[in-house]
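All remarks here apply to the structure that follows.
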Amino acid sequence: MVLQVHRVLVINPGSTSTKIGVFDNDQCLFEKTIRHSAEEIGQFQRVIDQYAFRKAVILEQLHQEGINISKLDAVCGRGGLLRPIEGGTYLVNEEMLQDLRMGYNGEHASNLGGILAYEIASGLNIHAFIVDPVVVDELAEIARYSGVPDIPRKSIFHALNQKAVARRAALELNQPYRQLRLIVAHMGGGITVGAHDCGRVVDVNNGLHGDGPFSPERAGTVPAGDLISMCFSGQFYRDEVMEKIVGKGGLVGYLQTNDAQEVERRIESGDEQALAVYQAMAYQVTKEIGSMAVVLNGKVDGIVLTGGLAYGKTFVEMIAERVNWIADVLVYPGENELQALAEGTIRVLAGEEEPKEYPNPV
Ligand SMILES: Nc1ncnc2c1ncn2[C@@H]1O[C@H](COP(=O)(O)OP(=O)(O)O)[C@@H](O)[C@H]1O
Ligand SMILES: CCCC(=O)OP(=O)(O)O
């Protein structure tokens, strides 16, 4: 029997980068990470305004690589701040596009994933998909309480990569993912730390809207009372305050860069402020890991560090030395998101799985 080969373009817009790949089934033909500086991204007021810029960057890169897009069978994007849904592969439909365009659950680069996939696919008369978007919701009911009844906690995190690396850790630990208790810290432009309890992410910080550790471009949890006073001080517009939390918080706020490698260079050249901020970011990640250990009743089979920041040896060491008493630390730098997007799409194209229809609420 001849195996049918499906060619898929996958697009992963992150807050600090656009990552693309072309796959023949699960075989990667080419992948590329295009990094965007804080200034480059900062010139756009809204995430949706970055659409034309990111599309041009993608098409230019494919052109340079000599990829003929008319040979594609599908396009898949990382999605987006939709309504809370269960994991899986979803066909991009009109209702989804509307929610992505309006930012139903807020603004994030991944909203562009489904839109870019749809725009490129519709020009070629092929289907567009998203896989395991950032709103996959498996929270335990107890984790939804915030203390303010009108503001329930939400599941907004690096679902795609957290699941992919958790499965990789399960292979390494030689046990099924569904029988393991893992803590996964994805450390990219945003940072999310999830408690994976036997295959379900029962608690995780909302990586976008002021919850958890600060990150290269986000504030994480901030003192609520002071934030409220800032909002009503008359000194700032709403968007300006939001930017302090998402986009211009964290490393960008303290050091005016979202680039951890640049921070490491500054530290090497003796910059004490850079060192203090980097140490504080690691410290906040360890606090979140500690709290997820409590969520798992202290029975933790492994702590997984992943995302772009996990390439930073010093940063990983700062974290590992504070948390390795909880469990062994496994480090998977970068992310498996392109591969995971491709595999989710191929499962549907090969007829192994039916695509889910949005919305398909939890
Ligand atoms: N080799 C490296 N050493 C240290 N930090 C790195 C390295 N490579 C990337 N990073 C940092 O990782 C962060 C981006 O992570 P990434 O997972 O690619 O984010 P996103 O997908 O949100 O754009 C940036 O701060 C970047 O500077
Ligand atoms: C919205 C949660 C996912 C996230 O923060 O992604 P990036 O790190 O790519 O911005």
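Side chains are part of it too, since the values below use all heavy atoms of this structure and drop only hydrogens, waters and symmetry mates. Because the structure is a prediction, the values reported are computed rather than measured. Indexing begins at 1, ligand by ligand and atom by atom, following the structure's order.
By the 3.5 Å distance cut-off applied to N or O atoms, Glu264 is not counted among the residues near ligand 1. Among the atoms of Gly189, some N or O lies under 3.5 angstrom from an N or O of ligand 1. Looking at ligand 1, you won't find any N or O of Pro216 less than 3.5 Å from one of its N or O atoms.
The aromatic ring centroids of Tyr254 and Phe214 lie less than 6.0 Å from each other.
In this comparison of Val263, Thr257, Thr16, the heavy atom closest to atom 20 (P) of ligand 1 sits on Thr16. The closest heavy-atom contact to atom 25 (O) of ligand 1, among the options Asn12, Leu251, Asn258, comes from Asn258. With atom 27 (O) of ligand 1 as the reference point, the heavy atom nearest to it among Ala109, Ala260, Ser17 is part of Ala260.
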Listed pairs under 3.5 Å, donor-acceptor, residues 45-55 side chains, sequence neighbours left out:
| unit_1 | atom_1 | unit_2 | atom_2 | d |
| --- | --- | --- | --- | --- |
| Arg46 | NH1 | Glu107 | OE2 | 2.5 |
| Arg46 | NH2 | Asp239 | OD2 | 3.2 |
| Asp49 | OD2 | Arg46 | N | 3.0 |
| Gln50 | OE1 | Arg54 | NE | 3.1 |
| Gln50 | OE1 | Arg54 | NH2 | 2.8 |
| Arg54 | NH1 | Gly14 | O | 3.0 |
| Arg54 | NH1 | Ser17 | O | 2.8 |
| Arg54 | NH1 | Thr18 | OG1 | 3.0 |
| Arg54 | NH2 | Gly14 | O | 3.1 |

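For Glu262, the salt bridge (charged side-chain N to carboxylate O under 4.0 Å, His left out) partners are Arg265, Arg266, not counting sequence neighbours. Listed by chain and number, the residues in a salt bridge (charged side-chain N to carboxylate O under 4.0 Å, His left out) with Asp203 are Arg153 (sequence neighbours excluded).
Atoms of ligand 1 found under 4.0 Å from any heavy atom of Gly312 (numbered from 1 in listed order, with element): 3 (N), 4 (C). Which parts of ligand 1 touch Ser15 is read off a 4.0 Å heavy-atom cut-off, strictly below it: atoms 22 (O), 23 (O).
Tyr278 and Phe315 have tilted rings, their planes meeting at an angle from 30° to 60° on a 0 to 90° scale.
Regarding atom 12 (O) of ligand 1, its nearest protein heavy-atom neighbour is Gly308 C, 3.2 Å. Scanning all protein heavy atoms for the shortest distance to atom 16 (P) of ligand 1 gives Lys19 NZ, 3.6 Å. Among all protein heavy atoms, the one lying closest to atom 2 (C) of ligand 1 is Tyr311 CB, 3.2 Å.
By the 6.0 Å contact criterion, NZ on Lys356 is enclosed, its count of non-hydrogen atoms from other residues, nucleotides or ligands being greater than 12.
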Pairs under 3.5 angstrom, nitrogen or oxygen on both sides, ligand 2 versus protein: list them out, please.
| unit_1 | atom_1 | unit_2 | atom_2 | d |
| --- | --- | --- | --- | --- |
| ligand 2 | 5 (O) | His158 | NE2 | 3.3 |
| ligand 2 | 5 (O) | Arg218 | NH1 | 2.5 |
| ligand 2 | 6 (O) | Arg78 | NH2 | 3.1 |
| ligand 2 | 6 (O) | His108 | NE2 | 3.2 |
| ligand 2 | 6 (O) | His158 | NE2 | 3.0 |
| ligand 2 | 8 (O) | His158 | NE2 | 2.8 |
| ligand 2 | 8 (O) | Gly189 | N | 3.3 |
| ligand 2 | 8 (O) | Gly190 | N | 2.9 |
| ligand 2 | 9 (O) | Arg78 | NH1 | 3.2 |
| ligand 2 | 10 (O) | Ser15 | N | 3.4 |
| ligand 2 | 10 (O) | Ser15 | OG | 2.7 |
| ligand 2 | 10 (O) | His108 | NE2 | 2.7 |
| ligand 2 | 10 (O) | Arg218 | NH2 | 2.7 |

inquiry  = Please evaluate residues Thr192 and Gln162 with respect to the criterion side-chain hydrogen bond (donor to acceptor under 3.5 Å, both in side chains), reporting the C-alpha separation (whole Å), side-chain torsions for both, the decisive distance (0.1 Å), and the verdict.
reply    = CA-CA 9 Å; Thr192 61; Gln162 286 224 10; 3.0 Å; yes

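Using a 3.5 Å distance cut-off with no hydrogens or angles, the side chains of Asn68 and Ser70 do pair a donor with an acceptor. In the model, Gln339 has a side-chain atom that pairs as donor or acceptor with a side-chain atom of Glu343 under 3.5 Å.
With hydrogens and angles disregarded, no donor-acceptor distance shorter than 3.5 Å links the side chain of Asn336 to the backbone of Asn161.
Cation-pi contact between Arg168 and Tyr332: present, with separation from the ring centre below 6.0 Å and deviation from the ring axis of at most 45°.
Arg35 counts as a contact of ligand 1, since one of its heavy atoms falls under 4.0 Å from the ligand.
Between Arg7 and Asp24 there is a salt bridge, since a side-chain N of the basic residue sits under 4.0 Å from a carboxylate O of the acidic one.
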